[in-house]
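What you are looking at is a predicted structure, and each value in this text was computed from that prediction instead of being measured.
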Amino acid sequence: MSENCFCQLASGSKGNALYVKGGDTAVLFDCGLSGRELERRMADRELDPTSLSAVVVSHEHTDHVSGAGIVCRRFGIPLFITEATFAGSTKKLGKTKAMDVEIMVCGTRFTVGSMEIHPFSISHDAADASGFRVTTGGSVLGVATDLGVAGHLVKEHLSGCDALVMESNHDPDLLYANPNYPWPLKQRVRSRVGHLSNEEAATLLDDLDRSRLKHLVLAHLSEENNTPDLALEAAYSVLNGSNTSITAAKQHLPTSVFSF
């Protein structure tokens with residue numbers, strides 16, 4: 001396995017988890033899976049959960065945090081989380097007194113082993129939602145999977161990356177035609193604190209410095225309001241002719257393990 005690699009273990013409204021390894025350090029970004037399911041998916045990709053050094057949480061929504069406390073207690077590893085996110089997550093995390101909780105601050109870098117992590121603020125309907133710029137061994141991974149709008153700060157942190165995990169949540173036509181979504185929910189998804197559409201994700205991608213970009217994983221695709229083909233089509237409209245590999249992450253199946 002490459003010294004620097006990542007795998008999107010789950011992506012979507014039913015649970016999210018991203019494995020990132022740099023050198024001898026492995027970190028889990030978000031954990032909305034049960035401990036058993038996380039271990040099963042890691043085993044499917046020959047990843048060792050006992051090698052995890054930390055869990056880092058982006059925000060307090062259940063699909064990102066529900067399994068984080070279980071994993072931290074089971075493997076005796078710290079949880080990195082902002083103060084506001086921690087306050088909104090205590091019931092979902094479980095026995096927090098039995099955990100090593102490290103408070104991170106958006107805009108302030110911190111290190112876990114050989115990995116430097118720079119959390120940055122994103123626009124989402126959560127207390128203090130974060131994206132991440134992860135640097136290890138001279139390589140850079142950008143992560144932003146829940147954001148309603150991509151401003152200058154997001155573009156700054158996602159530019160010049162070797163790999164990106166980026167939201168491409170919905171197709172507006174499918175969303176508006178969906179009879180299962182009430183109008184307020186449709187408005188929430190399309191708002192500045194909701195989720196990026198395929199076209200918005202493509203626009204963001206077009207605005208980035210992609211000179212180093214080798215891998216793009218499209219994340220948090222809606223199972224009802226999107227399809228992998230639509231999300232990939234929008235991304236290909238920007239990256240066609242480049243050497244960047246593009247993958248649409250799935251809810252129930254991990255991606256390949258990508259080197260970066």
Side-chain angles (χ1 to χ4, degrees), residues 8-20 27-35 37-38 52-110 112 117-134 142-151 153-154 157 165-167 169-170 181-182 184-196 219-222 251:
Q8 188 76 46
L9 297 165
S11 183
S13 60
K14 295 177 182 175
N16 297 271
L18 171 66
Y19 170 92
V20 182
V27 172
L28 193 66
F29 288 84
D30 289 333
C31 186
L33 301 174
S34 69
E37 181 62 15
L38 176 74
L52 288 171
S53 303
V55 176
V56 180
V57 167
S58 65
H59 63 289
E60 72 272 19
H61 291 167
T62 301
D63 57 323
H64 292 261
V65 76
S66 63
I70 295 169
V71 170
C72 287
R73 288 188 294 271
R74 180 172 297 177
F75 299 111
I77 56 177
L79 174 73
F80 288 84
I81 191 168
T82 71
E83 188 171 6
T85 300
F86 180 63
S89 303
T90 51
K91 291 183 179 179
K92 299 167 188 174
L93 291 170
K95 300 174 182 177
T96 56
K97 290 184 179 180
M99 297 164 51
D100 176 10
V101 177
E102 301 285 345
I103 299 298
M104 66 181 185
V105 177
C106 282
T108 301
R109 296 176 179 86
F110 63 94
V112 178
I117 301 170
H118 191 167
F120 58 91
S121 295
I122 59 175
S123 177
H124 193 53
D125 58 352
D128 190 17
S130 309
F132 304 99
R133 185 178 176 94
V134 183
V143 182
T145 62
D146 290 63
L147 62 162
V149 65
L153 186 66
V154 171
H157 286 287
V165 178
M166 196 177 80
E167 178 171 68
N169 176 257
H170 64 277
Y181 271 45
L185 181 54
K186 294 176 182 180
Q187 288 181 305
R188 177 256 173 186
V189 172
R190 292 290 295 144
S191 75
R192 293 179 64 85
V193 292
H195 294 277
L196 287 189
H220 221 300
L221 274 67
S222 170
Q251 180 68 84

_Spacing of OG1 belonging to Thr85 relative to CD belonging to Glu60, to within rounding of 0.5 Å_ = 5.0 Å
*Please test Tyr19 against Leu52 for side chain to side chain contact (heavy atoms under 4.5 Å, CB included), starting from the C-alpha separation and ending with a verdict.*
CA-CA 9 Å; Tyr19 170 92; Leu52 288 171; 4.0 Å; yes
*Do Pro119 and Thr82 come within less than 4.5 Å of each other through their side chains, counting heavy atoms only?*
no
_Suppose we screen for side chain to side chain donor-acceptor pair (under 3.5 Å). Which residues come up paired with Glu167, at least two apart in sequence or across chains?_
His195
*Pairwise side-chain contact, Glu37 with Leu9, heavy-atom cut-off 4.5 Å (strictly under)*: no
*Would you say the side chain of Ser89 lies within less than 4.5 Å of the side chain of Ile81, judging by non-hydrogen atoms?*
yes
_Nearest non-hydrogen partners of Cys31 and Val71, listed with the distance_ = SG-CG2, 3.8 Å
*Under 3.5 Å, side chain of Gln251 to main-chain N/O of Lys14, donor-acceptor pair present?*
yes
*Please tell me if the side chains of Phe120 and Cys106 come closer than 4.5 Å, counting only heavy atoms from C-beta onward.*
no
*Rounded to the nearest 0.5 Å, how far apart are CG of Asp63 and CG of Leu33?*
10.0 Å
*List in chain and number order the residues that pass side chain to side chain donor-acceptor pair (under 3.5 Å) with Gln187, two or more places apart in sequence or in another chain; answer none if no residue qualifies.*
Trp183
*Roughly how far, to the nearest 0.5 Å, is NE2 of His64 from CG of Asn16?*
4.0 Å
*Are the side chains of Val143 and Phe29 in touch, meaning some heavy atoms are under 4.5 Å apart?*
no
_As an exercise, state the distance from CE of Met104 to CZ of Phe132, rounded to the nearest 0.5 Å._
4.0 Å
*Between OG on residue Ser191 and NZ on residue Lys186, distance to nearest 0.5 Å*: 15.0 Å
*Any donor-acceptor pair under 3.5 Å linking the side chain of His124 with the backbone of Gly194?*
yes
*Which side-chain hydrogen bond (donor to acceptor under 3.5 Å, both in side chains) pairs, counting each pair once, include a residue from residues 93-106, with sequence neighbours left out?*
none
*Can you tell me how far the OG1 atom of Thr145 sits from the CG atom of Leu18, to the nearest 0.5 Å?*
8.5 Å
*Which heavy atom in His59 sits nearest to a heavy atom in Ala126, and how many Å separate them?*
CB-CB, 3.8 Å
*asked:* Testing the basics here: between Ala68 and Leu93, what is the closest heavy-atom pair and its distance to 0.1 Å?
replied: CB-CD2, 3.9 Å
*Just by modelled atom types, is the Ser121 backbone N or O under 3.5 Å from a matching donor or acceptor in the His157 side chain?*
no
*Looking at Ile117, Val134, Val20, Val55, which one forms a side-chain contact (heavy atoms from CB on, under 4.5 Å) with Val112?*
Ile117
*Answer yes or no: is there a side-chain heavy-atom contact under 4.5 Å between Tyr181 and Ser222?*
yes
*Does the side chain of Leu38 reach to within under 4.5 Å of the side chain of Ile70, using non-hydrogen atoms?*
no
*How close do Leu196 and Gly148 get, heavy atom to heavy atom, and via which atoms?*
CD2-O, 3.7 Å
